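Below: one structure, written as structure tokens.
What you are looking at is a predicted structure, and each value in this text was computed from that prediction instead of being measured. Each residue takes its place number in the sequence, starting with 1.
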Amino acid sequence: MVEKETCTVKENLGGGKGRALVYNIVSSEKLGKVGRMYARVVLEPGCSVGWHQHNGETEPYYIIKGHADFIDNDKSITKVGPGDICTIEDGQYHSIENNYDENMEMIALIYNL
């Protein structure tokens with residue numbers, strides 16, 4: 001089976017700034033009990049995913065294009081770019097901000113423990 005990605009525009013994702021373009025790779029319905037997101041996420045310059053917590057799940061981000069500032073559970077800030085993996089474990093908080101001049105793209109997978 002071959003499917004086309006679908007795009008959903010999420011305003012203020014996780015309480016962040018601006019919009020996130022979420023291209024579902026596998027819909028949450030198809031993920032079922034395994035998780036709730038498997039998507040390519042695009043943050044335009046000045047946009048972010050807000051500070052939020054994950055409970056009972058883990059989320060790795062895999063950066064595929066551009067740069068962003070990843071704010072980790074301890075509130076440390078790390079500039080990330082292509083090839084970097086940011087892992088958010090059960091119970092942790094995080095956010096990510098595109099404070100740069102080009103779009104940042106990442107693969108986000110939220111899976112249940």
*Determine yes or no for a side-chain-to-main-chain donor-acceptor pair under 3.5 angstrom, with S48 supplying the side chain and K17 the backbone.*
yes

*Which residues pass the side-chain hydrogen bond (donor to acceptor under 3.5 Å, both in side chains) test with E105, sequence neighbours left out?*
R40

_Just to verify, what does I71 make a side chain to side chain contact (heavy atoms under 4.5 Å, CB included) with, not counting sequence neighbours?_
W51, I77, S95, E97

*Which atoms form the tightest heavy-atom contact between P82 and G66, and what is the distance?*
CD-O, 3.2 Å

*Any chance you could lay out the side-chain contact (heavy atoms from CB on, under 4.5 Å) test for M104 and I96, step after step, and finish with the verdict?*
CA-CA 10 Å; M104 186 278 303; I96 191 164; 4.1 Å; yes

*asked:* Tell me every residue that passes side-chain hydrogen bond (donor to acceptor under 3.5 Å, both in side chains) with Y111, counting only those two or more places apart in sequence or in another chain.
replied: none

_For D74, give me all partners under side chain to side chain contact (heavy atoms under 4.5 Å, CB included), at least two apart in sequence or on another chain._
D72, S76

*side chain to side chain contact (heavy atoms under 4.5 Å, CB included) with E3: which residues, sequence neighbours excluded?*
M1, K30

*Minimum-distance pair of heavy atoms, taken over all atoms of A108 and V41*: CB-CG2, 4.1 Å

*Please assess L21 against V9 for the test side-chain contact (heavy atoms from CB on, under 4.5 Å), listing each intermediate value before the final yes or no.*
CA-CA 5 Å; L21 306 175; V9 177; 3.7 Å; yes

*To the nearest 0.5 Å, how far apart are NE2 in H54 and CD1 in I110?*
5.0 Å

*Is it true that V26 and V34 fall in one hydrophobic cluster, defined by side-chain heavy atoms closer than 4.5 Å?*
no

_Minimum-distance pair of heavy atoms, taken over all atoms of L43 and N98_ = O-ND2, 2.8 Å

*Does atom CG of D101 have more than 12 heavy-atom neighbours, drawn from other residues, nucleotides or ligands, at distances under 6.0 Å?*
no

*When rounded to the nearest 0.5 angstrom, what distance separates CD in E57 from CG in D90?*
8.0 Å

*What pairs of residues pass the ring-ring contact (aromatic ring centres under 6.0 Å, His included) test when at least one of them lies in residues 55-82, not counting sequence neighbours?*
Y61-H94

*With sequence neighbours left out, write down each residue that passes side-chain hydrogen bond (donor to acceptor under 3.5 Å, both in side chains) with E44, or none if nothing qualifies.*
R19

*Any residue meeting salt bridge (charged side-chain N to carboxylate O under 4.0 Å, His left out) with E59, in chain and number order, not counting sequence neighbours*: none

*Output the distance between atom NE2 (H52) and atom CG (L13), rounded to the nearest 0.5 Å.*
7.0 Å

*Taking salt bridge (charged side-chain N to carboxylate O under 4.0 Å, His left out) as the test, write out the residues that go with E102, two or more places apart.*
none

*Interatomic distance, N73 atom CG to I88 atom CD1 [nearest 0.5 angstrom]*: 10.0 Å

_Using the rule that Ile, Leu, Val, Met, Phe, Trp and Tyr join whenever any side-chain heavy atoms are under 4.5 Å apart, tell me whether Y100 and I64 fall into a single cluster._
no

*asked:* Checking K79 now: which residues fulfil salt bridge (charged side-chain N to carboxylate O under 4.0 Å, His left out) with it, not counting sequence neighbours?
replied: none

*Is there a side-chain contact between N103 and P45, using heavy atoms and a 4.5 Å cut-off?*
yes

*Considering residues at least two apart in sequence or located in another chain, which fulfil the side-chain hydrogen bond (donor to acceptor under 3.5 Å, both in side chains) criterion with E89?*
none

_Shortest non-hydrogen contact between M106 and I63, atoms and distance_ = CB-CD1, 3.8 Å

*Just jot down the side chain to side chain contact (heavy atoms under 4.5 Å, CB included) partners of I25, sequence neighbours excluded, or say none.*
Y38, I107

